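To keep things clear, I will list the structure first and then write my remarks on it.
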Amino acid sequence: MPIQVFDNFLTEEETKKAYMYAEKSKNWKFQTSTPYKTNLISTPFLYLNIPKEETFFHKTIFERIQKLINEKVFLHRVYINGQSSGCNGMFHLDGRDKTALIYLSPYDIEWGGFTEFILNENGDHPEIKCIAPFTSSMVIFDGNIPHKGYSYSYQHCPTRYSLAYKLDYKQGLIYS
């Protein structure tokens, strides 16, 4: 299965802990998605690298991901994306074997904020799949599936935080 969704992956307390880590951090930087098959310019959005010393993210959650997917994977990188209204990503590839996204922010279906995937590019009508960022849920997918994250639709909405795990089947990659 190229895309798997797991509802309530984090407990309410774990979600709050991760969300507050994002809210309180002063180490945010800007990044953009590397466009996939386009020459459009990507809108910058926030990025928060999570250092290895943060064992809640690097050990507790990562080990749970491994157990759930029942595969031996190695952590390449873990970080949080932050998207305020209007800061949408662009279709891109992660260049990793797997990506796990865990949604941290409060959510209402009216807000949008979907993660969109291109599953099949045959002809003029590609097959598209959208995943709603329900709080505490996780989506795991092949890192070579074109995808993008949308911000919430309205300015009064909270920042859309997604905790991202970039995973590989082979060890030896340098953590960045």
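As the structure is a computational prediction, the values presented were derived from the model and not from experiment.
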- request: Determine the minimum heavy-atom distance between Leu101 and Ala164, stating which atoms define it.
  value: CD2-CB, 3.6 Å
query: Do any N or O atoms from the side chain of Arg64 and from the backbone of Phe9 form a donor-acceptor pair under 3.5 angstrom?
result: yes
Spacing of Lys17 atom NZ and Glu14 atom CD [to the nearest 0.5 Å]: 8.5 Å
query: Less than 6.0 Å separating the ring centroids of Tyr21 and Phe57?
result: yes
- request: Please report the closest heavy-atom contact between His58 and Leu75, naming both atoms and the distance.
  value: ND1-CD2, 3.5 Å
query: Are the side chains of Phe62 and Val78 in touch, meaning some heavy atoms are under 4.5 Å apart?
result: no
task: Kindly write out the residues that satisfy side-chain hydrogen bond (donor to acceptor under 3.5 Å, both in side chains) with Asp94, not counting sequence neighbours, or none if the list is empty.
output: His92, Thr99, His147, Lys166
message: Taking Phe6 as the starting point, is it possible to reach Ile61 by hopping between hydrophobic residues whose side chains are less than 4.5 Å apart?
response: yes
message: Measuring only between side-chain heavy atoms, which start at C-beta, is Ile131 closer than 4.5 Å to Phe141?
response: no
query: Do you know which two heavy atoms are closest between Ser136 and Thr15, and how far apart they sit?
result: OG-OG1, 2.6 Å
task: Measure the shortest side-chain to side-chain distance between Ile50 and Leu163 over non-hydrogen atoms and say whether it is less than 4.5 angstrom.
output: yes
message: Is there a salt bridge (Lys or Arg N to Asp or Glu O under 4.0 Å) between Lys67 and Glu63? Walk through the geometry before answering.
response: CA-CA 6 Å; Lys67 185 176 180 181; Glu63 287 176 359; over 6 Å; no
message: Whether the side chain of Gln155 engages the backbone of Ser85 through a donor-acceptor N/O pair (distance < 3.5 Å, no angle test) should be reported.
response: no
task: Measure the CZ-CD1 distance between Phe117 and Ile3 for me, rounded to the nearest 0.5 Å.
output: 4.5 Å
- prompt: Can you list every pair that meets salt bridge (Lys or Arg N to Asp or Glu O under 4.0 Å) and has a residue in residues 127-144, with sequence neighbours left out?
  reply: none
- prompt: Does the Asp97 side chain pair with the main chain of Leu167, one donor and one acceptor, at a distance under 3.5 Å?
  reply: no
- request: Would you indicate whether His125, at its atom NE2, is surrounded by more than 12 heavy atoms from other residues, nucleotides or ligands within a distance under 6.0 Å?
  value: no
field: Option passing side chain to side chain donor-acceptor pair (under 3.5 Å) with Tyr150 (candidates Glu116, Gln83, Arg160)
entry: Glu116
task: Report yes if some heavy atom in the side chain of Ile80 is under 4.5 Å from a heavy atom in the side chain of Trp28; otherwise report no.
output: yes
task: Test Tyr19 against Thr135 for side-chain contact (heavy atoms from CB on, under 4.5 Å), laying out the working first.
output: CA-CA 10 Å; Tyr19 182 84; Thr135 309; over 6 Å; no
field: Nearest heavy-atom neighbours spanning Cys157 and Tyr152
entry: CB-CB, 3.6 Å
Identify every side-chain donor-acceptor pair in residues 102-110 under 3.5 Å, counting partners at least two apart or on other chains, and give the distances.
from, atom 1, to, atom 2, distance (Å)
Tyr103, OH, Thr115, OG1, 2.6
Ser105, OG, Thr159, O, 2.7
Ser105, OG, Tyr161, N, 2.8
Tyr107, OH, Gly112, O, 2.8
Asp108, OD1, Glu110, N, 2.8

Ile145 and Ile118, any side-chain heavy atoms less than 4.5 Å apart: no
field: Test item: side-chain donor near acceptor, Asn88 and Ser151, under 3.5 Å
entry: yes
message: I want to check something: taking the side chain as every heavy atom from C-beta on, are Gln31 and Phe45 in contact at a cut-off of under 4.5 Å?
response: yes
message: Check this for me: does any side-chain nitrogen of one of Glu12 and Lys16 sit under 4.0 Å from a carboxylate oxygen of the other?
response: no
message: Quick check: do Arg77 and Arg96 have side-chain heavy atoms less than 4.5 Å from each other?
response: no
